[in-house]
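Per chain, numbering begins at 1; letters A, B, ... match sequence-line order.
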Amino acid sequence: AQSVTQLDSQVPVFEEAPVELRCNYSSSVSVYLFWYVQYPNQGLQLLLKYLSGSTLVESINGFEAEFNKSQTSFHLRKPSVHISDTAEYFCAVSAGNTPLVFGKGTRLSVIA
Amino acid sequence: NAGVTQTPKFQVLKTGQSMTLQCAQDMNHNSMYWYRQDPGMGLRLIYYSASEGTTDKGEVPNGYNVSRLNKREFSLRLESAAPSQTSVYFCASSEVSGDEQFFGPGTRLTVL
């Protein structure tokens with residue numbers, strides 16, 4: 001079975017500073033990895049995903065994540081955050097034919 | 001396309017009452033899911049349906065039943081609501097199990 005650990009439950013950061021949200025997973029087979037974002041009182045939206053190929057994946061709003069197989073990690077980064085990035089972020093893993101398993105979430109608070 | 005829709009958006013029940021949460025998707029997806037989201041717990045899978053005609057238990061199925069009515073619709077029923085079922089419920093769908101999931105806006109349920 002797969003599992004996901006998001007190492008930080010809350011991350012406060014000043015506007016225009018860089019941020020890293022950490023995600024580690026556990027699986028005995030090859031995995032697909034996802035980051036979702038949830039804005040207040042909304043459902044989850046896909047931010048980016050790794051299925052295969054290049055280990056660095058990017059989103060349209062400046063986030064990127066790198067799949068590191070040896071460290072079983074898929075950390076999310078952004079070089080300069082905006083107030084509008086304030087949200088909860090969820091890392092998820094799938095073995096390919098099983099439902100996604102989600103981490104407990106990291107609440108990113110961007111401070112002006 | 002509406003994507004994934006859920007009804008109702010809000011509901012208040014008394015302990016012991018029953019209700020059904022409705023979910024529909026218009027993306028011709030094969031797989032559908034029900035999650036609950038509680039503070040600090042992330043998303044926990046209640047039930048899922050990998051394809052029309054099949055349903056399987058997730059992590060927290062006790063107290064719930066589901067029906068995959070057709071390819072578009074997947075309902076969640078609480079037969080006898082308990083305060084522990086106070087939560088936000090999300091429905092999601094994907095083309096196949098393990099693929100990227102698309103989420104509905106959620107149903108906020110309070111059981112008194």
Student: Write down the atom of B:F90, the atom of A:Q38, and the distance for their closest heavy-atom approach.
Tutor: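 The pair with the smallest heavy-atom distance is CZ-NE2, 3.4 Å.
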
Student: Do B:Q101 and A:F102 make a side-chain contact, defined as non-hydrogen atoms from C-beta onward lying under 4.5 Å apart?
Tutor: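 A side-chain contact under 4.5 Å exists here.
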
Student: Check the surroundings of atom CD1 in A:I60: do more than 12 heavy atoms from other residues, nucleotides or ligands lie under 6.0 Å from it?
Tutor: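 At most 12 heavy atoms, drawn from other residues, nucleotides or ligands, come within 6.0 Å of this atom.
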
Student: Is the CZ atom of A:R107 crowded by more than 12 outside heavy atoms at less than 6.0 Å?
Tutor: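 No, the 6.0 Å shell around CZ holds no more than 12 heavy atoms from other groups.
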
Student: I'd like to check the side-chain contact (heavy atoms from CB on, under 4.5 Å) partners of A:K49; sequence neighbours left out, ordered by chain and number.
Tutor: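 For A:K49 the side-chain contact (heavy atoms from CB on, under 4.5 Å) partners, ignoring immediate neighbours, are A:F34, A:L46, A:L51, B:E100.
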
Student: I need the minimum non-hydrogen distance between A:L100 and B:D99, along with the two atoms involved.
Tutor: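 Scanning both residues completely, I find the closest heavy atoms to be CD1-O, 3.4 Å.
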
Student: Which one, A:V93, A:T98, A:N41, A:V101, leads in non-hydrogen pairs under 4.5 Å with chain B?
Tutor: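 Looking at each of A:V93, A:T98, A:N41, A:V101 in turn, A:T98 comes out on top.
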
Student: Looking only at heavy atoms and a cut-off of under 4.5 Å, which of B:G42, B:P105, B:G98 has the most pairs with chain A?
Tutor: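 It is B:G98.
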
Student: Is it the backbone or the side chain of B:E59 that comes under 4.5 Å from a heavy atom of chain A, or both, or neither?
Tutor: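 For B:E59, neither part sits under 4.5 Å from chain A.
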
Student: Please flag which part of B:L43 lies under 4.5 Å from any non-hydrogen atom of chain A: side chain, backbone, both or neither.
Tutor: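 When you check distances to chain A, atoms from both the backbone and side chain of B:L43 fall under 4.5 Å.
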
Student: Against chain A, label B:R108 side chain, backbone, both or neither, depending on which of its atoms sit under 4.5 Å from a heavy atom there.
Tutor: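 Contact with chain A: side chain only.
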
Student: Got more than 12 heavy atoms from elsewhere within 6.0 Å of CD, B:E95?
Tutor: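 Open: at most 12 neighbouring heavy atoms sit under 6.0 Å from CD of B:E95.
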
Student: Is B:L45 linked to B:L76 within one hydrophobic cluster, defined over Ile, Leu, Val, Met, Phe, Trp and Tyr using a side-chain heavy-atom separation of less than 4.5 Å?
Tutor: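 Result: no, two separate clusters.
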
Student: Taking atom CD of A:E20 as the centre, report whether more than 12 heavy atoms of other residues, nucleotides or ligands fall under 6.0 Å from it.
Tutor: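 For A:E20, atom CD is crowded (more than 12 foreign heavy atoms under 6.0 Å).
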
Student: Quick check on the interface: out of A:G103, A:G105, A:P99, who has the most heavy-atom pairs with chain B under 4.5 Å?
Tutor: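 The option with the most such pairs is A:P99.
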
Student: Might you confirm whether atom OH of B:Y64 has over 12 heavy atoms from other residues, nucleotides or ligands at distances under 6.0 Å?
Tutor: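 Counting other residues, nucleotides and ligands, OH of B:Y64 exceeds 12 neighbours.
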
